[in-house]
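Each chain gets a letter, A, B and so on, in the order the sequences are listed, and its residues count up from 1.
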Amino acid sequence: MSAVPAGLKYTRDHEWLREEADGTLTLGITDHAQRQLGELVFVELPEVGSVLAAGQGCVVVESVKAASDVFVPVAGSVVAVNEALEQDPGRINTSPYGDGWLLRLQPASAAQDLLDAAAYQQLLDTTA
Amino acid sequence: MPKRTPLFERHVEAGGQMVPFGGWEMPLHYGSQIEEHHQVRRHAGIFDVSHMTVLDVGGPDALHWLRRLLANDVARLVAGQALYSCMLNEAGGVIDDLIVYRRAEDAPTPYRLVANAATRDKNLAWMQAARAGLDVRIEARDELLMLAVQGPQACGLALPLLPAALREPAAALKPFHAVESADAFIGRTGYTGEDGWEVLLPVETGRAFWDAALAAGIAPCGLGARDTLRLEAGMNLYGQDMDEEHSPLVSGLGWTVAWEPDARAFIGREALERERMAGPASMLSGIVLEGRGIMRHGQKVGTEAGDGLITSGGFSPTIGRSIGLARVPIGASGACEVEIRGVRQAARLCRPPFVRRGRVLLS
């Protein structure tokens, strides 16, 4: 079991968010999520410029087992997507908090109800 | 409580992720099912398939009974030969698919059947009912380990691991033939589209074979790779591509039905003959997704001849895109569409297999 990185924010749906210096948010799925999904074979990313509502499905990740939606926890517009995932979706498995990031968002409002690393770890511990 | 094969501890030690499957706890993968898939296509892999149901069949009426029980005709077999067949209900639906081996003349029973795991109880109940009034003995060989070594290098690497007396005859086996000695049974069969053997051994020698195979560089492979390999090879999975609601004629298995001789009254024959006369309404076809995305079981397929369903779908590691099997109206061919998560995507019907002996067969 790898550690939950400090300094990121987490959702109960096993996504992570990182606040960048320019005020944008980077979104990905957690190590726990990629383990549950299994090896990823396809990622469907939104268009750059898409405007997303909080709670909207924004990315589809398909593993050898099943397809899952990734929900954006905060409203905003997509300023970048990780295009490398189109050729190599396995980056999400090997580096969920690094090379396996999904997209970058310009938030329209402050994110709410996010967990810090300790609270997310606690969630994992209680649902394991 | 799910059952465990005698290799359970080995699987866990090798990093196997154990999952429930047909009443058993089996390895899904040992880290990467895609890598395991490639190992079998390019080199060699070993699968623990001890969960499968192995039945030895004998008694004076064994041949008569099997010719009534199975849609393929066991009378066609010579000693050492195997046959793939469906076992049908009266309506022609598939109760299970299995392999029958005609064993050597000096074997304790003349026949050995290998059927699925999840269907075990209903199979045995059906077989008992069909045995009424006949002198047939059925013995479940649950104490045997069954291991499949598959891949272009599998037989070469596994040959030195076989009992000495069987090495030469095993190396000479043609596809769908088997050889055995007192405590080992080797068939040139499999579920991957690659060369290989399926080996039945007692527990202790089976464990030793597993250990030696891994030491020889044969990769342990789980159910995940088994599924993508069989799908690329165009082989049906019971419960998805065939079931009790569908006959072999609409499941791509018409070739396994032995119509001759006319007089052989196998269970389901009348229903199949009616269906054949009327013309089957549907068929099982291969399907390839043109773009990116993954087809899954149960998704709707639109063709020029009408709608159908994906029965098996997934990602093909060898081809690098999504392939599947689909039940579509008879006569459907060429371009079609699959509804994936509410979006219709371009696909194309084709003839399976998709991959065989390491070669991509898609045009």
Side-chain angles (χ1 to χ4, degrees), chain A residues 1-2 13-14 29-48 50 52-53 55-72 78 81-96 98-100 102-103 124 127-128, chain B residues 15-21 26-40 221-232 240 288-299 310 312-324 338-345 347:
Chain A
M1 182 58 96
S2 65
D13 297 321
H14 307 287
I29 65 170
T30 66
D31 186 52
H32 173 82
Q34 69 82 15
R35 279 169 198 267
Q36 293 297 311
L37 288 166
E39 284 168 273
L40 292 164
V41 291
F42 173 62
V43 181
E44 189 183 330
L45 296 162
E47 302 269 320
V48 171
S50 307
L52 304 170
Q56 188 177 339
C58 60
V59 176
V60 180
V61 288
E62 296 230 27
S63 74
V64 289
K65 282 195 279 187
S68 302
D69 286 298
V70 179
F71 302 98
V72 58
V78 177
V81 296
N82 186 357
E83 283 166 6
L85 296 178
E86 298 199 347
Q87 287 307 311
D88 186 12
R91 287 173 181 226
I92 296 172
N93 296 114
T94 52
S95 179
D99 288 347
L102 298 175
L103 57 81
L124 293 181
T127 54
Chain B
Q17 188 193 334
M18 307 307 289
V19 295
F21 179 80
M26 299 299 290
L28 181 63
H29 60 75
Y30 301 84
S32 167
Q33 79 172 61
I34 293 175
E35 188 49 41
E36 289 160 27
H37 180 110
H38 290 318
Q39 283 288 324
V40 172
C221 299
L223 293 174
R226 187 166 159 82
D227 191 48
T228 51
L229 287 159
R230 70 90 195 167
L231 185 56
E232 286 186 350
Q240 285 189 190
V288 187
L289 195 65
E290 300 285 8
R292 298 166 68 246
I294 310 291
M295 299 182 290
R296 308 280 183 185
H297 173 80
Q299 288 172 347
I310 301 288
S312 280
F315 176 72
S316 160
T318 305
I319 303 170
R321 52 208 273 213
S322 182
I323 60 169
V338 186
E339 195 174 314
I340 300 177
R341 303 161 61 81
V343 180
R344 294 172 80 90
Q345 300 210 35

Taking E62(A) first and then R296(B), would you say they form a salt bridge - that is, a charged N and a carboxylate O separated by under 4.0 Å? yes

Got V64(A) and T228(B) here, is their nearest side-chain heavy-atom distance under 4.5 Å? no

Which atoms form the tightest heavy-atom contact between R292(B) and V43(A), and what is the distance? NH2-O, 3.8 Å

Choice from D227(B), L28(B), I34(B) maximising heavy atom contacts with chain A below 4.5 Å: I34(B)

What's the separation between atom CZ in R35(A) and atom CD in Q17(B), rounded to the nearest 0.5 Å? 10.0 Å

Reported CD-to-NE2 distance for the pair E39(A) and H37(B), which is rounded to 0.5 angstrom: 11.5 Å

